[in-house]
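The structure presented is a predicted model; accordingly, all values stated were derived computationally and were not measured.
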Amino acid sequence: MIVTTGYEPSSATQAHAEELARTLGLPLVPRKEENLTTLRQRHQTDGIIVVSAKGARLETTGAPPFFFHPNTAAFRIKRLERGDNDTMLSACQIQPGDEVLDATLGLGADAIVFAHGVGESGRVVGCESKPLVAALTADGLRHYEIEQTNLQSAMRRVEVISRHHLDVLRELPDGSFDVVYFDPMFTATVEASSGIQPLRQFANESELTYEAVEQAMRVARRRVVLKEGQEGNLSQRFGFTPYRRRMGQVTYSYREARGGE
């Protein structure tokens with residue numbers, strides 16, 4: 001895999017490409033006038049990360065480009081700004097200043113909404129087990145530009161850990177976070193949104209485990225919250241209490257942390 005830029009990159013885009021190449025430990029190849037097919041042939045690689053003024057995207061043959069986008073976080077934060085509620089934040093009982101561990105970060109849409117909910121005095125940490133997904137998500141959270149001020153501010157506050165959530169949970173002290181959140185979206189079809197489709201080719205499809213839930217119960221001060229699709233059965237399997245009734249394509253359930261039992 002290599003990193004390159006668009007044609008005639010600005011100095012800011014060039015610096016962004018250099019930073020991302022260093023982060024990923026990949027060679028940075030000057031684009032010059034070559035198209036991606038030529039670069040693939042010249043460097044004997046299929047995957048090319050292209051950095052442009054719009055951000056970084058991974059181009060692979062026969063697959064849609066993979067890139068960071070705030071996706072559902074954009075309209076969810078707009079609704080919150082209008083005074084509406086967000087079911088995820090309500091299920092987690094989020095308050096300003098809270099600390100949240102998003103154990104299954106993906107492209108970070110839920111983590112961004114958490115960051116908005118906890119505000120500048122809070123903290124949101126996301127775990128992503130796939131290094132490439134983690135790197136591109138972290139890069140997007142840092143560099144993505146949007147006129148929606150509160151959305152961009154929330155994106156900048158999300159911290160990304162490139163590790164599997166179970167390894168992270170095992171090492172955390174008791175009561176490290178107010179909320180631990182799981183969205184194991186590949187055990188069942190959770191969202192039909194086209195915004196997450198490119199992620200599916202890179203995602204970790206391993207199932208949520210009893211050990212992960214028990215570790216989360218130890219780490220959480222308030223609640224462990226689970227998101228799944230309408231056909232999911234993880235809440236029953238792990239003893240979670242449904243939050244209200246199933247609505248739309250997803251449902252939330254929770255277990256009170258041991259300090260609240």
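- Both Met217 and Val219 are part of a single hydrophobic cluster, where members link through side-chain heavy atoms under 4.5 Å apart.
- By the neighbour-count criterion of 12 heavy atoms within 6.0 Å, atom CD of Glu120 is sparsely surrounded, having that number or fewer from other residues, nucleotides or ligands.
- Using a 4.0 Å cut-off between a side-chain N of Lys or Arg and a carboxylate O of Asp or Glu, Arg237 and Glu228 do not qualify as a salt bridge.
- Within the 4.5 Å cutoff, the side chain of Val225 has no heavy atoms near those of the Tyr243 side chain.
- Formation of a donor-acceptor pair under 3.5 Å by the Asp178 side chain with backbone atoms of Arg221 is not found in this model.
- With a 6.0 Å radius and a threshold of 12 heavy atoms from other residues, nucleotides or ligands, Arg156 has its CZ atom above the threshold.
- Following chains of ILVMFWY side-chain contacts shorter than 4.5 Å, one cannot reach Val50 starting from Leu20, and the two form parts of different hydrophobic clusters.
- Nearest approach of Pro70 to Ala109, heavy atoms of both residues: O-CB, 3.7 Å.
- The two atoms that bring Val168 and Arg163 nearest to each other are CG2-CB, 3.8 Å, heavy atoms only.
- Heavy-atom contacts from other residues, nucleotides or ligands closer than 6.0 Å to CD of Gln44 number 12 or fewer.
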Verdict with supporting geometry, Phe240 and Val213, side-chain contact (heavy atoms from CB on, under 4.5 Å): CA-CA 10 Å; Phe240 282 67; Val213 171; 3.9 Å; yes
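- For Gln152 (side chain) and Ile146 (main-chain N/O), a donor-acceptor pair under 3.5 Å exists by modelled atom type.
- The ring-ring contact (aromatic ring centres under 6.0 Å, His included) pairs that include a residue from residues 83-124 are Phe114-Tyr181, where partners are two or more places apart or lie in different chains.
- Rounding to the nearest 0.5 Å places CD of Gln148 at 8.5 Å from CE of Met155.
- Considering only heavy atoms from C-beta on, Val100 stays 4.5 Å or farther from Cys92 through its side chain.
- Among Val113, Leu89, Ile112, the one residue that satisfies the side chain to side chain contact (heavy atoms under 4.5 Å, CB included) test with Arg76 is Val113.
- Contact detail for Leu136 and Leu58: the closest heavy-atom pair is CD1-CB, 4.2 Å.
- More than 12 heavy-atom neighbours from other residues, nucleotides or ligands sit within 6.0 angstrom of CZ on Arg40.
- Rounding to the nearest 0.5 angstrom, the gap separating the CD atom in Glu18 from the OG1 atom in Thr13 is 11.0 Å.
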Dump the intermediate steps for side-chain contact (heavy atoms from CB on, under 4.5 Å) on Asp110 and Asp102, then the final yes or no. CA-CA 8 Å; Asp110 285 340; Asp102 183 344; 4.1 Å; yes
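- Side-chain atoms of Thr87 and Val250, non-hydrogen and from C-beta on, never get closer than 4.5 Å to each other.
- Asn150 and Ser153 form no side-chain donor-acceptor contact under 3.5 Å, judged by distance and modelled atom types alone.
- The hydrophobic clustering, which links ILVMFWY residues whose side-chain heavy atoms are closer than 4.5 Å, places Leu234 and Tyr210 together.
- Taken from CG in Asp46 to CG in Leu39, the straight-line distance is 12.0 Å, to the nearest 0.5 Å.
- Using a 4.5 Å heavy-atom cutoff, the side chains of Thr61 and Thr37 are not in contact.
- When all heavy atoms of Val133 and Gly106 are compared, the pair lying nearest together is CG1-O, 3.9 Å.
- Within the model, atoms OG1 of Thr209 and CD of Glu214 stand 9.5 Å from one another, a figure rounded to the nearest 0.5 Å.
- Taken from OG in Ser235 to CZ in Arg255, the straight-line distance is 11.5 Å, to the nearest 0.5 Å.
- Here the closest heavy-atom approach between residue Ala17 and residue Thr5 is recorded as CB-CG2, 3.6 Å.
- The distance from atom CD of Gln14 to atom CG of Leu28, rounded to the nearest 0.5 Å, is 5.5 Å.
- Judged as a ring-ring contact (aromatic ring centres under 6.0 Å, His included), the pairs with a partner in residues 121-151 (not counting sequence neighbours) are, in order, His16-His143, Phe68-Tyr144, His69-Tyr144.
- Side-chain contact between Leu101 and Leu172: present, with at least one pair of heavy atoms (C-beta onward) separated by less than 4.5 Å.
- Taken together through direct or relayed side-chain contacts under 4.5 Å among Ile, Leu, Val, Met, Phe, Trp and Tyr, Leu26 and Ile48 form parts of separate hydrophobic clusters.
- Grouping the Ile, Leu, Val, Met, Phe, Trp and Tyr side chains by contacts below 4.5 angstrom, directly or via other members, places Leu226 apart from Leu166.
- No side-chain heavy atom of Asn71 sits less than 4.5 Å from a side-chain heavy atom of Leu107.
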Walk me through whether Phe75 and Leu151 qualify under side-chain contact (heavy atoms from CB on, under 4.5 Å). CA-CA 9 Å; Phe75 66 78; Leu151 172 62; over 6 Å; no
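- Between Arg57 and Glu59, at least one side-chain nitrogen of the basic residue sits less than 4.0 Å from a carboxylate oxygen of the acidic one, meeting the salt-bridge criterion.
- Note on Arg142 versus Asp139: no salt bridge recorded, every NZ/NE/NH1/NH2 to OD/OE distance being 4.0 Å or above.
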Mind running side-chain contact (heavy atoms from CB on, under 4.5 Å) on Glu256 and Thr241 for me, showing each step along the way? CA-CA 9 Å; Glu256 302 289 357; Thr241 300; over 6 Å; no
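- Side-chain atoms of Met1 and Leu132, non-hydrogen and from C-beta on, do get closer than 4.5 Å to each other.
- By the 4.5 Å heavy-atom criterion applied to side chains, Gln41 and Glu34 are not counted as neighbours.
- Across every non-hydrogen atom of Ala220 and Ala257, the tightest pair is O-CB, 3.2 Å.
- Formation of a donor-acceptor pair under 3.5 Å by the Ser129 side chain with backbone atoms of His164 is not found in this model.
- Formation of a donor-acceptor pair under 3.5 Å by the Arg223 side chain with backbone atoms of Ala91 is found in this model.
- Residues satisfying the ring pair (Phe, Tyr, Trp, His ring centres under 6.0 Å) criterion with Phe182, sequence neighbours excluded, are His165.
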